[in-house]
There are 4 protein chains.
Amino acid sequence: MPDAMPKPSATGRGTTDKRAAILDAALELFVELGFHGTAVPLLAKRAGVGAGTIYRYFENKEALVNVLYGEWKEKLATHLLSGFSPGGEPKAQFMGLWRRMSDFAAQYPTAYAFIEIHHHAAYLDAAAHEVEQRYLQMAVMYIQNAQAEGKYRDGPPEVLWSLVEGAFIGLARFSRGGRLELTPEVIEFSGNAAWELVRRR
Amino acid sequence: MPDAMPKPSATGRGTTDKRAAILDAALELFVELGFHGTAVPLLAKRAGVGAGTIYRYFENKEALVNVLYGEWKEKLATHLLSGFSPGGEPKAQFMGLWRRMSDFAAQYPTAYAFIEIHHHAAYLDAAAHEVEQRYLQMAVMYIQNAQAEGKYRDGPPEVLWSLVEGAFIGLARFSRGGRLELTPEVIEFSGNAAWELVRRR
Amino acid sequence: MPDAMPKPSATGRGTTDKRAAILDAALELFVELGFHGTAVPLLAKRAGVGAGTIYRYFENKEALVNVLYGEWKEKLATHLLSGFSPGGEPKAQFMGLWRRMSDFAAQYPTAYAFIEIHHHAAYLDAAAHEVEQRYLQMAVMYIQNAQAEGKYRDGPPEVLWSLVEGAFIGLARFSRGGRLELTPEVIEFSGNAAWELVRRR
Amino acid sequence: MPDAMPKPSATGRGTTDKRAAILDAALELFVELGFHGTAVPLLAKRAGVGAGTIYRYFENKEALVNVLYGEWKEKLATHLLSGFSPGGEPKAQFMGLWRRMSDFAAQYPTAYAFIEIHHHAAYLDAAAHEVEQRYLQMAVMYIQNAQAEGKYRDGPPEVLWSLVEGAFIGLARFSRGGRLELTPEVIEFSGNAAWELVRRR
DNA sequence: CATGAATGAGTTTTCATTCAT
DNA sequence: TATGAATGAAAACTCATTCAT
């Protein structure tokens, strides 16, 4: 068991290279082959490191997938929150959210797929579930606020969020199939449609 | 390799018992633990058969998951198609579809989860992909017809369908979490919202 | 464990059919795939009987191979002995032996291969080894007699027999390859050569 | 599937130790128990390595037996060819060949038994069959040359070789039984007898 | 620090044998 | 008496993890 594992935010660079390479390789392979379907030696090879090296950065395979989940879900949350302006046109606000989701899915398609696929895996630990919880709460609060201001359709906010996020996941899945690119036009079109899911009428 | 594998549609009953027990156990465990995360002996135990028995009914584990996928996706397609009336009020038609999706997900929650989770797994074979294709084509044709009749929003039908199905998947996922039941009220509420995704305005 | 197993020399025929079919199938498959390489269900299929039926005639797979070995080695010994005339021209006597070996190998090529291949297998039991012993003793006595009468080369009779039998086995193996038939000409030619192995000069 | 399997001709020593240990153990056990009769864990134990280690050196059990066959048959061919002088007394030449066969069988009795036993096993691959072919061609050419020079008996060279090699195999089998040692006297005696198989008269 | 060869526990799969029919 | 579906013990093989270098 490594005594002091190199942290991701190390200052010196170089130390972190391998950790990042491992995480990147894991992201790809876990999406492609699944967690249990990915052998550590293969992962090591894809990352360009020795198999043993992985265990210098992560306690074991399970820890690795949990770190991966936590980091990316956090990153997604941060991304969605960034540039969020509380007041303003409700539709513009929604479209902003939809665009940020799209940005993220377009920029990190594998990471978005990873998050989506692993959202309820048996090997996710308490920490990962907590990140998950906070993410959902954030979303729910967003909806509740908009409902409180009379902008959004009434109803259980979790349900509304499930529909909106689900719709986006459907779009992202389809674009992952390679038969659709997330162009600005597609994003506008789908965002406009999704807006109707939530808007009060 | 079994020479003549017992078929599902056996006449005499009893022949099919074990096959069905294996499929049921696999459904549960593949959802719970994933395909690679499910060991065959565990599967056998859950099905109440010997480990070797599984190989009398399925060539190997991969064949098993593919049969499972094919059968359930087919069942879903049949279910969605059943009671579909071509002409009629567009919204009523949509709500009918949404209700049938809900029926299915409520009646077979594990199967619906299974289908949703495995939709693009590396171990699905050509036959499974074909079932998948036909399913999508069916959906696309439905959307196209409605668009042609001027009832639905214009735009790529696959995108519209991705949004609608995604929204429903989001709902189903959330209900699987145990914090929401798919009551008629929830179904009406969500269906009304989802209808807005597609309706022309 | 069958109480009274049907014997090979049953009078009524019919009873023996299956036993014979099993032995025939086993002969072929043990030569083709080896003893451990032959699965009992395959054997059953080739014999045209149910897998369980094999256990009505033989205690287990090992007993089967031992019966097979014993019966065929005995049959070979009987065949070689038949028509053996103690006095007479030594070369004619040798050629008679060589011809009878050839007859046997030509008439029962699979059985001859089986005997040859299994001559020292780990799963042969005491009874089979005893048959083996008697066979060798018979051969040795034949050689010793001929030596005593001054017709054969001096030297360890087992060695002489090993050379002669080995030479024939070499021939039989080659003919099994399909590139040579054991025609009367080939038998005469090889017998003449083999005769030189043993003849006194 | 190992990516880069350690090769036999490694420079640094030590690399090859385990590979050699595995091959040696396999040689013994395949002769003793047969290919299908030898379980990999037993093989590993005999070789003093972990079961998994075998798969670092050989793709599977079948590859192992094929490498074994190829290496030893090649070694036998090389040994028989070594010190072969084209011109010279025909009998001396034959006796030289017989002695080299004996040397080999005496020095590597298990390997000789292995080669002999596996000469036509179902699991030998194309490469092994090719080695086999080349070996036979070599033998045939040797006989043909001697025939062309009028030293050997006329007749199909493959048949003559089958008789000679068969005779030697008979001798080797018998000596393996433990009741005969391949002493120089036995080799001379048997060689003299075998010479009569082929010599022209 | 980094490695990758080595491992044995655990996986998938096979198969000799049994037994209900 | 004959069967072949069912089985679990044992086979072949994989892989997460360790550790000597």
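Sequence lines set the chain letters: A, B, ... in the order given, protein chains first and strands last, and positions in each chain run from 1.
Residue Leu33(C) contributes atom CG, which lies 15 Å from atom C1' of dT14(E) at whole-angstrom precision. Rounded to whole angstrom, the span from the CZ atom of Arg19(D) across to the P atom of dA5(E) amounts to 15 Å. With rounding to whole Å, Lys18(D) atom NZ is found 5 Å from dA6(E) atom P. Look at CG on Leu43(C): it is 18 Å from P on dT14(E), rounded to the nearest Å. Between Asp17(D) atom CG and dA6(E) atom C1' the separation is 14 Å, expressed in whole Å. Between the CD1 atom of Ile54(A) and the P atom of dT17(F) there is a distance of 10 Å, rounded to whole Å. The distance from atom OH of Tyr123(C) to atom P of dA16(E) is 13 Å, rounded to the nearest whole Å. In this entry the distance linking CD of Glu59(B) with P of dT13(E) reads 10 Å, nearest Å.
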In residues 43-51 of chain D, what donor-acceptor pairs under 3.5 Å come from side-chain atoms, sequence neighbours left out?
residue: Arg46(D); atom: NH1; partner: Glu28(D); partner atom: OE1; Å: 2.4
residue: Arg46(D); atom: NH2; partner: Glu32(D); partner atom: OE1; Å: 3.4

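From one end of the helix from dA2(E)-dT21(F) to dT21(E)-dA2(F) to the other, with five pairs defining each end axis, the axis direction shifts by 0° (rounded to 10°).
Between Tyr55(B) and dT13(E), a side-chain N or O to OP1/OP2 separation shorter than 4.0 Å is present. Between Tyr57(C) and dT1(F) there is no side-chain N or O to OP1 or OP2 distance below 4.0 Å.
A donor-acceptor contact under 3.5 Å is formed by the side chain of Arg56(A) with the base of dA2(E).
Checked against side-chain contact (heavy atoms from CB on, under 4.5 Å), Asp24(A) has no partners two or more places apart in sequence or in another chain. For the side-chain contact (heavy atoms from CB on, under 4.5 Å) test, residues two or more places apart in sequence or in another chain that qualify with Ala127(C) are Asp125(C).
Comparing Phe35(D) and Glu62(A) by the nucleotide of DNA chain F that holds the closest heavy atom to each, the one mapping nearer the 5' end is Phe35(D).
In this pair, His129(A) and His120(A) present their aromatic rings tilted. The plane angle is within the 30 to 60° band. Below 30°, between 30° and 60°, or above 60°: for Phe30(B) and His118(B) the angle between ring planes is between 30° and 60°, a tilted geometry.
Near DNA chain E, meaning a heavy atom under 4.0 Å away, there are no residues from residues 22-31 of chain D.
The shortest side-chain heavy-atom distance between Val31(A) and Tyr112(A) does not fall under the 4.5 Å cut-off.
Phe35(B) approaches Lys61(B) most closely through the heavy-atom pair O-NZ, 2.9 Å. Annotation for Leu33(A) and His36(B): closest pair O-CD2, 3.9 Å, computed over non-hydrogen atoms. Closest approach of Leu64(B) and Ala26(B) over heavy atoms only: CD2-CB, 4.1 Å. For the residue pair Tyr69(B) and Ile115(B), the shortest heavy atom distance occurs at CE1-O, 3.7 Å.
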> Under the side chain to side chain contact (heavy atoms under 4.5 Å, CB included) criterion, do Trp72(B) and Leu27(B) qualify, and how do the steps go?
Replying inline: CA-CA 10 Å; Trp72(B) 277 110; Leu27(B) 190 69; 3.9 Å; yes
Identify the pairs formed between an N or O of the protein and an N or O of nucleotides 8-11 of chain F at a distance under 3.5 Å, and give each distance.
none

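The backbone N or O of Tyr123(A) sits less than 3.5 Å from a side-chain atom of Asn66(A), completing a donor-acceptor pair.
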